[in-house]
Amino acid sequence: MSDPVGKLPSELDQLPDRDTEETAEWAASLDAVAKAAGTRRAEYLLRRTLQHAEAAGLALPKLLETDYVNTIPTSAEPEFPGDMEMEAKITAWNRWNAAAMVTRGSKYGVGGHIATFASAAWLYETGFQHFFRGKEADGSGDQLYIQGHASPGIYARAFLDGRVSEQQLDNFRQESGGNGLPSYPHPRRLPWLWEFPTVSMGLGPLSAIYQARFNRYLQNRNIKDTANSHVWAFLGDGEMDEPESTAALALASREQLDNLTFVINCNLQRLDGPVRANFRVVQELEAQFRGAGWNVIKSLWGSAWDELFQLDTTGALVRRLREVPDAQFQTYATRDVAYIRQHFFGANAELVQLAGVLSDAKIAECFHSSRGGHEPRKVYAAYKAALEHKGAPTVILAQTVKGYTLGAGFESKNANHQMKKLTIDEFKDMRDLLGLPIPDSAFADGVVPYGHPGANSPEVQYLNERRAALGGPAPARKVKHVALPAPADRSFAPLIKGSGKQEMATTMAFVRLVKDLMRDKETGKRWVPIVPDEARTFGMESLFPSAGIYSPLGQTYEPVDRDQLMYYKEAKDGQILNEGITEAGAMADFIAACTSYATHGEPMIPFYIFYSMFGWQRTADQMWQLADQLGKGFIVGATAGRTTLTGEGLQHADGHSHLIASTNPASLNYDPAFAYEIAVIVKDGLRRMYGEKPEDVFYYLTVYNEPKVQPAMPEGVEEGILKGLYRFNEASSLESAPAADAPKIQLMASGTAIHWALEAQQLLAADWNVAADVWSATSWGELRREALECDEALLRGEVRTPYVTRALEGVTSPVLAVSDWMRQVPDQISQWVEQDWTSLGTDGFGLSDTREGARRHFGVDAQSIVVAALAQLARRGEVPASAIKEARERYGL
């Protein structure tokens with residue numbers, strides 16, 4: 001058989017054909033079918049053959065798209081185990097109260113979303129009644145990532161089961177007076193209900209993948225049996241546009257996370273209109289997930305479509321569904337039957353013939369409301385199949401109508417995301433549709449009432465029985481505090497005593513400390529080192545052979561460096577999470593580990609170390625997610641500062657992360673200068689986050705890659721280290737100390753800038769007879785936090801003096817602050833410094849140069865500090881103005 005003209009070569013042309021005659025027969029058969037029965041029949045046979053091959057386990061590329069029909073046909077659906085009539089009543093009450101609470105709140109202008117839960121109600125209710133395991137069952141229960149805009153429906157269900165009061169429903173989005181409900185899933189605002197904050201779109205699916213992965217991590221490390229925990233992530237089809245939503249799909253399939261299910265509510269609408277106006281988002285998502293190795297289940301059409309598919313003997317209906325774009329199908333859901341007959345069925349003669357035997361009522365039912373996501377039997381079948389599938393995660397693509405049951409004014413309208421209320425007449429129509437026993441007299445003064453069948457009603461009894469069988473209420477967040485013992489002091493001792501004559505960067509000091517802490521018999525196993533690749537850059541390769549890099553497969557190869565002391569060791573029970581080049585993925589790992597104390601009752605001590613520039617700047621949204629989820633752990637910005645890694649240039653030169661970090665109320669931000677400061681901060685962090693009275697905070701430390709001799713810790717500085725400021729070195733301690741009546745200045749520095757300040761102290765004394773004391777400002781942020789608390793106390797009539805003011809009490813000389821950060825970082829505390837204040841910093845873009853060249857460029861090197869100090873003193877008349885020019889010329893500035 002000759003090749004078709006113009007045929008491109010393929011990989012098959014490179015493989016030997018051991019039976020060319022048989023190959024030719026298969027090709028001839030296909031040609032014959034195409035000629036006799038048409039190309040559509042040939043296409044059908046090929047698809048069925050590939051599907052059969054896939055089911056048989058043959059190593060063939062998967063079909064990325066299947067027909068636009070349900071994966072599970074009606075004939076294959078399992079028996080529905082519940083009382084469908086009773087569950088319909090429960091769902092009706094929840095639909096009603098979700099819409100009522102948002103409408104009632106609209107008079108206060110607080111807004112809310114109605115249409116999302118209206119479309120997804122059965123997706124949630126079927127799970128709550130039959131699948132979602134609660135916290136009171138064995139293990140940790142399931143983890144539920146609720147779509148943020150569906151939160152009114154979850155509150156409505158909590159109202160039905162007695163966990164939320166009517167007053168709380170009326171305080172939806174009105175929290176400041178107390179007893180209110182937050183707008184979206186916010187664990188920090190409602191910590192007994194919500195586990196995961198999800199409304200920052202895209203972060204929910206990303207976090208769900210890494211949560212499922214972390215569950216396996218705990219299991220493989222024999223810390224917690226998580227075999228019965230399943231992660232469910234509820235998402236919108238529009239949300240899948242966010243790059244984070246699909247960023248880790250390959251990881252989930254690669255690690256065979258069959259403890260994970262995505263449920264994507266495909267109502268074909270995003271916030272402003274159709275998701276894929278000219279295309280089909282369901283088919284696109286199917287191809288994307290199948291290509292990434294996921295199991296895909298489509299639940300698109302309700303049972304009303306069964307008759308249509310049975311009549312479709314030619315495949316014309318399926319082909320038409322495959323070609324109609326989303327926006328057009330959305331239009332069908334809002335138009336009359338005559339329009340549908342003309343524009344959908346009128347596409348070809350076969351469809352016209354099919355429509356001829358269909359009643360108007362059947363067509364209206366199919367196109368206006370009958371969707372797989374609205375039928376509990378079909379949702380149940382999809383969920384059951386997802387749990388039974390092994391070896392890969394599952395995504396369920398469930399089609400719904402956005403605004404379903406809210407009336408013609410809401411359903412499938414482009415604007416329904418912004419529509420916040422129904423009229424009384426619309427509520428009455430909804431009541432009739434749902435069959436709720438709410439009389440007209442209940443609508444007093446034009447206010448829609450809440451509905452409840454009663455605490456002892458059959459509906460509530462059924463709901464409670466189902467939840468009891470599944471392990472208690474859901475969603476729910478339960479924390480049973482487990483205090484971790486403090487590590488032995490010997491782990492901190494090497495940093496406290498200093499490095500002697502040996503130079504050591506603070507990045508290495510932190511890694512050495514953690515390495516010692518990981519050996520602690522009590523808490524060592526609870527440390528979770530997390531790094532987005534480049535662990536060797538931070539000196540962490542010594543952890544590879546001892547702690548191991550986590551891999552669910554272990555190590556299936558012989559590493560190229562196996563004969564070296566610090567070889568690359570992967571292990572099923574490995575402790576290190578080395579994520580490759582993904583800060584977002586590493587941060588999602590960190591969040592899962594930071595919240596394990598609540599999710600699994602197992603406190604873990606994660607530290608996430610990264611190139612400083614690629615932390616807060618790149619993943620600040622996830623830092624907020626971490627704070628909202630009440631996470632605890634250590635974030636370490638290594639190679640910090642704008643001038644310490646300057647050979648890397650602009651993109652790696654971080655001078656602003658501390659400024660971004662200062663915006664997060666849960667983040668305790670430190671910029672330690674010396675190794676002993678790191679020891680004190682980490683020790684106190686372990687106490688505050690994991691001790692007897694744990695706080696819902698996390699720590700951000702910046703460490704540097706500049707080797708320096710690390711001094712021993714002076715006596716009595718612990719309080720200052722933790723509060724953010726202490727006097728490290730006085731001018732009087734210098735060998736050539738200035739005269740007693742010499743002009744004085746206070747040099748305040750953080751991080752690596754302390755070394756520039758110490759050099760400037762020497763120059764000021766030797767060249768200008770100026771006495772400079774050097775202060776270590778370990779945390780500009782903590783100084784500001786405490787000062788703000790003092791200001792707030794003053795409003796309550798309580799007079800408190802900020803620590804920074806007290807620390808400088810009695811100092812009459814001016815203060816000059818310097819750091820490797822923008823001036824705004826130290827300037828955070830200026831209003832509470834009573835002395836004359838000025839600052840130096842690395843404002844502007846970074847650049848490639850030597851450290852010395854970059855510091856001279858930004859004006860923060862020792863010589864620049866001297867000139868700035870002289871200028872400050874000259875303004876006060878304490879040194880002659882000519883000293884400024886003389887100093888500039890002397891130092892070549």
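Predicted model only: the values in this text are computed from it and were never measured. By convention here, the first residue in the shown sequence is residue 1.
Here the rule is side-chain contact (heavy atoms from CB on, under 4.5 Å) with F510, and of L495, V682, I681 only V682 fits it.
In this structure, Q710 contributes its side chain and F674 its backbone to no donor-acceptor pair below 3.5 Å.
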### Task
Quick one: do F610 and Y608 satisfy ring pair (Phe, Tyr, Trp, His ring centres under 6.0 Å)? Show the steps, please.
CA-CA 7 Å; F610 53 88; Y608 167 39; 4.7 Å; yes
### Query
Which is it for H652 and T639 under the side-chain hydrogen bond (donor to acceptor under 3.5 Å, both in side chains) test, yes or no, and what are the steps along the way?
CA-CA 9 Å; H652 289 65; T639 61; over 6 Å; no
### Message
Run the salt bridge (charged side-chain N to carboxylate O under 4.0 Å, His left out) test on E782 and R785 for me, step by step, so that the C-alpha distance in whole Å, both residues' side-chain angles and the decisive distance to 0.1 Å come before the verdict.
### Response
CA-CA 5 Å; E782 284 305 286; R785 189 193 306 269; 2.7 Å; yes
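The shortest distance between side-chain heavy atoms of L808 and Y803 does not fall below 4.5 Å. You'll find the side chain of T619 stays beyond 4.5 Å of the side chain of W624, heavy atoms only.
Listed by first and then second residue, the salt bridge (charged side-chain N to carboxylate O under 4.0 Å, His left out) pairs involving residues 634-663 amount to none (not counting sequence neighbours). Residue pairs satisfying the salt bridge (charged side-chain N to carboxylate O under 4.0 Å, His left out) criterion with at least one member in residues 526-540, sequence neighbours excluded, are listed as follows: R526-E602, R536-D561.
Rounding to the nearest 0.5 angstrom, the gap separating the OG atom in S732 from the CG atom in L734 is 8.0 Å.
A donor-acceptor pair shorter than 3.5 Å cannot be found between the side chains of D573 and Y217. Looking only at atom types and distance, the side chain of T812 has no donor-acceptor partner in the side chain of Q835 under 3.5 Å away. With 3.5 Å as the limit, one finds a donor-acceptor pair spanning the side chains of R823 and S839.
Both tests do not hold together for R806 against W832: distance to the six-membered ring centre under 6.0 Å, angle to the ring axis within 45°.
Ring pair H658/Y700 is tilted by interplanar angle, where 30° to 60° counts as tilted. Note: F634 and Y699 have tilted aromatic rings, judged against thresholds of 30 and 60 degrees for the angle between ring planes.
Crowding of E730 atom CD: a count of heavy atoms from other residues, nucleotides or ligands under 6.0 Å exceeding 12.
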